[in-house]
Undergrad: 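One structure follows; several queries about it will come next.
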2 protein chains.
Amino acid sequence: MAAKEVEKEQNAMPFPALDAKDMAILKLLQQNARITVREIAEQVHLSTTPVHERIRRMEETGVIKQYATLVDHAKVKKGLMVICYVSLKQHNRRAGARFIKDIQEMQEVIECYNISGEFDFMLKVVAENMDAYYDFHVNKLSQVDNMGHLQSVFVMGIIKQTHQLVH
Amino acid sequence: MAAKEVEKEQNAMPFPALDAKDMAILKLLQQNARITVREIAEQVHLSTTPVHERIRRMEETGVIKQYATLVDHAKVKKGLMVICYVSLKQHNRRAGARFIKDIQEMQEVIECYNISGEFDFMLKVVAENMDAYYDFHVNKLSQVDNMGHLQSVFVMGIIKQTHQLVH
DNA sequence: ACTGAAAGACACAGACT
DNA sequence: AGTCTGTGTCTTTCAGT
């Protein structure tokens, strides 16, 4: 398969509805991004050309966002995972945009969602250990402009972690 | 690259410390699981053989967990994301194990963590829409044995979502 | 551990049904 | 929208630093 990276405007194009064969292809790719087109073709009972064409189209239309390699947290010294809740002092557009920009630049923050409820954002943060997280919390996150309340919830165990949206 | 799937015992083997070249390889693979060995070799200033060997070793030792294809939630009809907090009534080992087994079988639950604080678990749930989530909440999640309190927080916007642990 | 070469497998494009 | 065929590129192995 090609070494070409998927980088498209995510919501730019309309896309035709995915049929059962597209879903079957996606399911296989989800589990193993490096499966060969041949192997997919065999399993979905097509030849390589249409499989190739369908994958190309799903890349183009943004159905496929990325081919990612998932790495063991602990083995790259990111053994601590923390869920962090944030509320801002002010809620105008400028303040929000500034916060978002800051968050996107922080390598420790691997996910950030705008959420309903008493807090404004939920962050997933990874760090080597508690010292590193404390440093991040006190010296980076707390220092962000317009920061209101902050609450940390520690992940003590990973029960399930998957990216399987298609079944 | 091979179409071989990575499926090893996650914590089974010891692994030698990763050096700077391993990290550089991991960084490239994280961003694009389908990059060619040749391209990696060029960028880290090695020939293909050692790159191939290093990747193979990181697969074996579980540093590389999976080559995954990441799919656009909305485009596969999983546009609604909900964070769901769960507390159990009883906290003995059997009750916990039973809950974990049930959760792992639910396709709607894509992540589940054991957490500190007033709740026992945090779940990330995806569904097509609010109706589908309501159905999941009332007819599946609430029905789980030993279920205590349940609280849902809705994701209104995705600010950041990455798997980049190595920089 | 690395380089370089060499064999076989693969992606990808083209002509056609 | 699909199968078949061919070309160039890639993975993967092996002998030699």
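Quick note on labels: first sequence line is chain A, next is B, and so on, each numbered from 1.
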Undergrad: Atom CD1 of B:Ile40 and atom P of D:dC10: how far apart are they, to the nearest Å?
TA: 13 Å

Undergrad: If you check every side-chain atom of B:His52, which of C:dA11, D:dT13, D:dT3 has the closest atom?
TA: D:dT13

Undergrad: Just checking B:Arg54: base, sugar-phosphate only, or nothing, at a heavy-atom cut-off of under 4.0 Å?
TA: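 Sugar-phosphate contact only.
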
Undergrad: If you define the side chain from C-beta out and look only at heavy atoms, does anything of A:Glu59 sit under 4.5 Å from A:Ile55?
TA: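 Yes, close enough: below the 4.5 Å cut-off.
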
Undergrad: Check whether B:Gln30 reaches the backbone of B:Leu165 with its side chain - one donor and one acceptor, N or O, closer than 3.5 Å.
TA: yes

Undergrad: Using whole Å, report how far CD of A:Glu53 lies from P of D:dT3.
TA: 13 Å

Undergrad: Just the rounded figure in Å: distance from P of C:dA11 to CD of B:Glu39.
TA: 16 Å

Undergrad: For the NZ atom on B:Lys27, are there more than 12 heavy atoms of other groups (residues, nucleotides or ligands in this structure) within a distance under 6.0 Å?
TA: no

Undergrad: Taking atom P of C:dA1 as reference, at what distance in whole Å does atom CD1 of B:Ile25 sit?
TA: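 Interatomic distance, CD1 of B:Ile25 to P of C:dA1: 13 Å.
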
Undergrad: Would the distance check show the side chain of A:Gln104 and the main-chain N or O of B:Ile159 forming a donor-acceptor pair, the cut-off being under 3.5 Å?
TA: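 Checking the backbone N and O of B:Ile159 against the side chain of A:Gln104, a donor-acceptor pair under 3.5 Å is found.
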
Undergrad: Could you tell me how far apart A:Ile55 (CD1) and D:dG2 (P) are, to the nearest whole angstrom?
TA: 13 Å

Undergrad: Side chain of B:Thr36 only, please: which of D:dG2, C:dA11, D:dC10 is the nearest?
TA: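 Nucleotide nearest to B:Thr36's side chain: D:dC10.
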
Undergrad: Could you pull out the protein-nucleic contacts involving nucleotides 4-9 of chain C (nitrogen or oxygen on both sides, under 3.5 Å)?
TA:
from	atom 1	to	atom 2	distance (Å)
C:dG4	O6	B:Thr49	OG1	2.5

Undergrad: Nearest-Å distance, CZ (B:Arg34) to C1' (C:dA11)?
TA: 10 Å

Undergrad: For residues 18-66 of chain A, pull every pair meeting ring-ring contact (aromatic ring centres under 6.0 Å, His included), keeping only residues two or more places apart or in separate chains.
TA: none

Undergrad: Would a distance-only check, ignoring hydrogens and angles, find a side-chain to backbone donor-acceptor pair under 3.5 Å from B:Asn146 to B:Ala95?
TA: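 A pair under 3.5 Å: no.
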
Undergrad: Between atom CD in A:Glu42 and atom P in C:dC10, what is the gap in whole Å?
TA: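 Taking CD of A:Glu42 and P of C:dC10, I get 9 Å after rounding.
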
Undergrad: Would you mind reading off the distance between A:Leu46 atom CG and D:dA1 atom C1', rounded to a whole angstrom?
TA: 10 Å

Undergrad: Could you tell me whether the side chain of B:Asp22 and the main chain of B:Asp19 form a donor-acceptor pair under 3.5 Å?
TA: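 Yes, B:Asp22 side chain to B:Asp19 backbone: donor-acceptor pair under 3.5 Å.
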
